[in-house]
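Contents: one structure, followed by commentary.
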Amino acid sequence: MKTKFLLAVMILSIFASCKENDPSKNIYQVEGMILYQPWPDSCEGFVLSYMGEKSLILLKPSNLSEHFQIDSLKVKVSFQITEEDWNCGIYGYRPIINILSIRKL
């Protein structure tokens, strides 16, 4: 009986820790696209673009590997939002993110 209870607690804690988004830690997981945005009209480099609830979201990665610096590359990415912003020209200031994991779709 005690073993079944411990097993149930372990399984529940595993599922509870598998959240895709954790706003309390500014950690999110999305499917999006890596885009090259040249200056002066945009972000001067590569950005992560994805569709938010109401509009297109652009974020500036601080640590995008050269392997993923491909214009229009579809990706699934987990990231943490920093407290810094980047001037993206006509798009205004956009949050800078730290990529935690990324893979091609």
Quiz item: Out of curiosity, does Ile90 fall in the hydrophobic cluster containing Leu35 (side-chain heavy atoms, cut-off under 4.5 Å, transitive links)?
Solution: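 Same cluster.
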Once you round to the nearest 0.5 Å, how far does [atom1] of [X] lie from [atom2] of [Y]?
{"X": "Asp71", "Y": "Gln37", "atom1": "CG", "atom2": "CD", "result": "8.0 Å"}
{"X": "Ile57", "Y": "Met51", "atom1": "CD1", "atom2": "CE", "result": "8.0 Å"}
{"X": "Gln80", "Y": "Ile27", "atom1": "CD", "atom2": "CD1", "result": "4.5 Å"}
{"X": "Ser72", "Y": "Ile34", "atom1": "OG", "atom2": "CD1", "result": "10.5 Å"}
{"X": "Tyr50", "Y": "Tyr28", "atom1": "OH", "atom2": "OH", "result": "7.5 Å"}
{"X": "Lys60", "Y": "Asp85", "atom1": "NZ", "atom2": "CG", "result": "13.0 Å"}

Quiz item: Checking Thr82 side chain against Ile96 main chain: does a donor-acceptor pair fall under 3.5 Å?
Solution: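 Side chain of Thr82 to backbone of Ile96, a donor-acceptor pair under 3.5 Å: yes, one is there.
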Practice problem: Output yes when a side-chain donor or acceptor of Gln29 lies under 3.5 Å from a complementary backbone atom of Lys76, and no otherwise. | Solution: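 Not a single qualifying donor-acceptor pair exists.
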Quiz item: If we only count heavy atoms from C-beta on, is the Glu31 to Leu105 side-chain gap below 4.5 Å?
Solution: yes
Quiz prompt | Side chain proximity check, Phe68 to Lys104, heavy atoms < 4.5 angstrom | solution = yes
Exercise. Taking side-chain hydrogen bond (donor to acceptor under 3.5 Å, both in side chains) as the test, write out the residues that go with Ser62, two or more places apart.
Key: Asn98
Quiz item: Looking at Leu48, Asn63, Val75, Leu73, which one forms a side-chain contact (heavy atoms from CB on, under 4.5 Å) with Ile102?
Solution: Val75
Quiz item: Taking all non-hydrogen atoms of both residues, which atom of Leu58 and which atom of Pro95 are closest, and how far apart?
Solution: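 It is O-CD, 4.3 Å.
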